[in-house]
Amino acid sequence: MPTALVTGATHGLGRALAESLAARGWDLVVTARDASSVAETVSHLRDHGHDVVGLAGDVGDAVHRDEVAEAVTDLAGARGLDLLVHNASTLGPVPLRPLRDLTTDDLAAVLAVNVLAPHALTRSLLPSLEAAGGTVIAISSDAGVEHYETWGAYGASKAALDHLTLTLAAELPTVRAYAVDPGDMRTAMHQSAFPGEDISDRPLPEEVAVPGILALVGSRPASGRYRAADLVAVATTEVAS
Ligand SMILES: NC(=O)c1ccc[n+]([C@@H]2O[C@H](COP(=O)([O-])OP(=O)(O)OC[C@H]3O[C@@H](n4cnc5c(N)ncnc54)[C@H](OP(=O)(O)O)[C@@H]3O)[C@@H](O)[C@H]2O)c1
């Protein structure tokens, strides 16, 4: 069975993606900070009959990352890790604020979770990824390329994550690496960015983002930056023709 690690897999996009991978026969390592949510998620994912390991912790914590890397290496074995999804992420302080009100500590905390943690985890897992000729997916955002007021810390972190991901692709031809913009999604993170706003018009993660990522994993095009909506449109066109 192929093996995937999905960080931040108890809610939102990470949970929906983990469910879809489990249903397709993948063995999984899943993480998030809240231990009870991790236990509940693991229990559901195991209903699909494949191996699932859950680890509670913050991706910003080096000790937790070491535990995750060890669990992944154990589960994937000599075959290696097929898919690494850097999904866990922080907006930083909410309500979102202009740069003049963003402290250096605020910015450092966002970069620690959204940039330094994925880089460190990728480094630890490179031998396993290379053994499998695996795929790295960094969940990005349109905020990584657009310049929205108050989104500076988060946007800068996603731009940096994109850059590291695509540099990895340039350095390691045996590994595919993608930055994926999932588009707006009806999740807790999105609601916390728009407090009090009705976000019911945004699609659920399983409607666009997950099908887009599954299409990417299935077709493994050239490494690069992709939008989930575009991947879904291409997949739909190919099925129709
Ligand atoms: N929602 C959107 O509209 C949107 C748009 C563009 C990009 N994105 C990106 O999509 C990804 C998923 O976002 P989402 O909206 O699905 O978020 P979400 O619904 O808030 O879920 C976030 C998940 O990550 C976990 N998590 C958060 N911080 C973590 C940390 N430091 N360490 C480990 N796990 C952590 C959460 O569990 P715990 O709280 O228990 O840790 C939860 O399982 C993120 O990379 C986000 O930047 C989202």
Side-chain angles (χ1 to χ4, degrees), residues 5-20 28-42 44-45 54-69 71 84-94 96 108-121 136-146 148 151 153-162 164-165 178-195 197-210 212-213 225-229:
L5 164 61
V6 182
T7 65
T10 55
H11 298 286
L13 172 58
R15 173 65 177 259
L17 179 61
E19 294 276 2
S20 292
L28 287 164
V29 177
V30 293
T31 80
R33 290 166 300 180
D34 182 68
S36 60
S37 298
V38 171
E40 183 269 338
T41 301
V42 167
H44 272 274
L45 294 174
L55 289 162
D58 190 321
V59 290
D61 173 3
V63 174
H64 169 66
R65 288 196 302 267
D66 286 347
E67 290 167 359
V68 172
L84 166 55
V85 184
H86 295 301
N87 171 73
S89 175
T90 180
L91 287 170
V94 285
L96 294 171
V110 173
L111 296 176
V113 171
N114 295 2
V115 183
L116 306 184
H119 172 63
L121 206 44
V136 178
I137 295 180
I139 302 300
S140 184
S141 168
D142 62 334
V145 288
E146 304 294 342
Y148 303 123
W151 289 77
Y154 176 82
S157 75
K158 292 297 189 181
L161 180 62
D162 287 8
L164 291 179
T165 303
Y178 305 111
V180 177
D181 171 2
D184 286 355
M185 299 175 290
R186 200 186 319 154
T187 67
M189 174 184 273
H190 196 84
Q191 186 69 77
S192 66
F194 298 97
E197 193 170 312
D198 178 6
I199 63 165
S200 59
D201 60 335
R202 276 69 151 185
L204 290 167
E206 48 268 45
E207 293 179 65
V208 179
V210 170
I213 292 168
R225 189 177 197 282
Y226 292 85
R227 293 174 63 246

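What you see below is based on every heavy atom in this structure, not just the backbone, and it leaves out hydrogens, waters and symmetry mates. Note that ligands are numbered from 1 as they come in the structure, with each ligand's atoms numbered from 1 the same way. The residues of the chain are indexed from 1 along the displayed sequence.
- Residue contacts with ligand 1: Ala56 is excluded, as none of its non-hydrogen atoms falls under 4.0 Å.
- The shortest N or O to N or O distance between Gly60 and ligand 1 is not below 3.5 Å.
- Taking any N or O of His86, backbone or side chain, none lies under 3.5 Å from an N or O belonging to ligand 1.
- Between Met189 and ligand 1, at least one pair of N/O atoms sits closer than 3.5 Å.
- Applying the 4.0 Å criterion to heavy atoms of Gly12 picks out, from ligand 1, the atoms 16 (O), 19 (O).
- Geometrically, ligand 1 and Asp184 share no nitrogen or oxygen pair separated by less than 3.5 Å.
- For ligand 1, none of its N or O atoms has an N or O atom of Gly14 under 3.5 Å away.
- Arg33 NE, 3.5 Å is the protein heavy atom nearest to atom 29 (C) of ligand 1.
- Put simply, the side chain of Asp184 never gets that close to the backbone of Pro203: no donor and acceptor are under 3.5 Å apart.
- The shell of residues lying under 4.0 angstrom from ligand 1, judged by heavy atoms, includes Gly183.
- Closest to atom 35 (C) of ligand 1 among all protein heavy atoms lies Ala88 CB, 3.6 Å.
- Atom 24 (O) of ligand 1 has its closest protein heavy atom at Gly8 CA, 3.1 Å.
- Other residues, nucleotides and ligands contribute over 12 non-hydrogen atoms within 6.0 Å of the NE2 atom of His64.
- Using a distance-only test at 3.5 Å, with no hydrogens or angles considered, a donor-acceptor pair links the side chain of Asn87 to the main chain of Gly8.
- For ligand 1, none of its N or O atoms has an N or O atom of Asp181 under 3.5 Å away.
- The proximity of Lys158 to ligand 1, defined as any non-hydrogen pair under 4.0 Å, is limited to the side chain.
- If you check which protein heavy atom lies closest to atom 10 (O) of ligand 1, you get Ile139 CG2, 3.3 Å.
- Distances below 4.0 Å separate heavy atoms of Tyr154 from the following atoms of ligand 1: 7 (C), 8 (N), 9 (C), 46 (C), 47 (O).
- In this structure, Arg225 contributes its side chain and Ala179 its backbone to no donor-acceptor pair below 3.5 Å.
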**Q.** Worked verdict on Leu5 versus Leu121 for side-chain contact (heavy atoms from CB on, under 4.5 Å)
**A.** CA-CA 10 Å; Leu5 164 61; Leu121 206 44; 4.1 Å; yes
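- Summarising the contacts of atom 14 (P) of ligand 1 with Leu17, Thr187, Leu204, the nearest heavy atom is found in Thr187.
- Scanning the protein for heavy atoms near atom 48 (C) of ligand 1, the closest one is Met185 CE, 3.4 Å.
- The ligand atoms of ligand 1 that sit less than 4.0 angstrom from a heavy atom of Pro182 are 6 (C), 7 (C), 8 (N).
- The shortest heavy-atom distance from Val113 to ligand 1 is under 4.0 Å.
- Side-chain atoms of Thr7 come within 3.5 Å of backbone N or O of Ala88 as a donor-acceptor pair.
- Protein heavy atoms are absent from the space less than 4.0 angstrom from atom 22 (C) of ligand 1.
- Ranking the protein heavy atoms by distance from atom 40 (O) of ligand 1 puts Asp34 N, 3.0 Å first.
- Residue contacts with ligand 1 do not include Ser37, since none of its heavy atoms lies under 4.0 Å from the ligand.
- Of all protein heavy atoms, the one lying nearest to atom 31 (N) of ligand 1 is Asp58 OD1, 2.9 Å.
- Using a 4.0 Å cutoff on heavy atoms, Ser140 counts as a contact of ligand 1.
- Where the criterion is an N or O separation shorter than 3.5 Å, residue side chain and backbone included, Leu13 meets it with respect to ligand 1.
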Q: Carefully, step by step, assess Val85 and Ile139 under the rule side-chain contact (heavy atoms from CB on, under 4.5 Å).
A: CA-CA 7 Å; Val85 184; Ile139 302 300; 4.1 Å; yes
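- Heavy-atom minimum distance, Arg186 versus Ile199: CG-O, 3.6 Å.
- Taking only non-hydrogen atoms, the option from Asn87, Ile199, Val85, Thr31 nearest to atom 44 (C) of ligand 1 is Asn87.
- Remark: minimum distance from atom 36 (C) of ligand 1 to any protein heavy atom is reached at Thr10 OG1, 4.1 Å.
- Glu19 places no side-chain N or O within donor-acceptor distance of the main-chain N or O of Gly14, the cut-off being under 3.5 Å.
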